[in-house]
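Heads up: the structure comes next, in structure tokens.
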Amino acid sequence: RDHPAPPGAAWAGLRSLFGSMPDALVALAGRATQLLEWDRTHRFCGACGAPTVQRSAAIMRACSNAACRREHFPRVSPVVIVSVERGEEILLGRSPHFPPGFYSVLAGFVDAGESAEEAVHREIFEETALRVRDLRYFASQPWPFPHSLMLGYQAAYAGGEIVCAPGEIEDAAFFHVDRLPTSFPLKATLSHWLIRDFCLRHGRVWPPAG
């Protein structure tokens, strides 16, 4: 936004495009945003500190130091997002920074040296003290805030009582399919798709009409 918008256009935050533009255009805008952020934050080599340059049509910045010449490519940060189910109930929680009344499925970054499945077990236990089983991969979604790749899983409740992690989870509970919160994730998000799939498998239309 350092430059004026083209005539007849206006700048808008990427999040505001979800649900207001075709998914393909939102995905394209997300990719562009992610690449611009990578380019902005890789002007200097992370190994030696020398300036980086783009030397080819490839999406890559190369170190200008002849003794280094390290090549830097865009990176993504994997995040697991999980629908934990207990019969006709689904585990939903809210972060302290969520809007009032907003609940969603739980998510967290994959740690170094950790598989996505290990991250599912760890994140759910760290955030709610619950154990899960029967993990099933659901779908993935690029999430350019700023460079995440969401990995969606479904899991079954295996035991434990909910204890919310201080500072991480403000509230969490199992919600019956007929008594879900009224504030939903945006339709173009993996969290929405997970909740919708849970409802459809229990013969419910979600979100309800009206």
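As a basis for the values below, the full set of heavy atoms in this structure was taken, side chains included, without hydrogen atoms, waters or symmetry mates.
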Let me check something: any side-chain donor-acceptor pairs from residues 65-76 under 3.5 Å, sequence neighbours excluded? List them with distances.
from  : atom 1 : to    : atom 2 : distance (Å)
Asn65 : OD1    : Ala67 : N      : 3.0

Judged by atom type as modelled, is there a donor-acceptor pair below 3.5 Å linking the side chain of His176 to the main-chain atoms of Asp178?
yes

Main-chain N/O of Thr52 paired to Ser64 side chain as donor or acceptor, under 3.5 Å:
no

Set out, in order, the CA-CA distance, both residues' side-chain angles and the distance that settles side-chain hydrogen bond (donor to acceptor under 3.5 Å, both in side chains) for Tyr153 and Glu117, then state yes or no.
CA-CA 9 Å; Tyr153 282 85; Glu117 292 75 18; 2.7 Å; yes

Going by atom types only, do Glu89 and Tyr157 share a side-chain donor-acceptor pair under 3.5 Å?
no

Is the count of non-hydrogen atoms from other residues, nucleotides or ligands lying under 6.0 Å from Phe174 atom CZ greater than 12?
yes

With a distance cut-off below 6.0 Å to the six-membered ring centre and an angular limit of 45° from the axis, does Arg94 pair with Phe102 as a cation-pi contact?
no

Determine the interplanar angle of the His42 and Trp38 rings, folded into 0 to 90°, and report it as parallel if under 30°, tilted if 30 to 60°, perpendicular if over 60°.
tilted

Is it true that atom CZ of Arg86 has more than 12 heavy atoms of other residues, nucleotides or ligands lying nearer than 6.0 Å?
yes

Checking ring-ring contact (aromatic ring centres under 6.0 Å, His included) for the pair His202/Phe198: CA distance, chi angles, key distance, verdict?
CA-CA 7 Å; His202 289 284; Phe198 163 75; 4.8 Å; yes

Enumerate the residue pairs fulfilling salt bridge (charged side-chain N to carboxylate O under 4.0 Å, His left out) with a member in residues 123-150, sequence neighbours excluded, ordered by first and then second residue.
Arg122-Glu126

In Å and rounded to the nearest 0.5 Å, what is the CD to OG distance from Gln34 to Ser148?
7.5 Å

Between Ser95 (side chain) and Phe98 (backbone), is there a donor-acceptor pair under 3.5 Å?
no

Do any N or O atoms from the side chain of Gln141 and from the backbone of Leu190 form a donor-acceptor pair under 3.5 angstrom?
yes

Gap separating the OG1 atom of Thr128 from the CD1 atom of Ile169, nearest 0.5 angstrom
8.0 Å

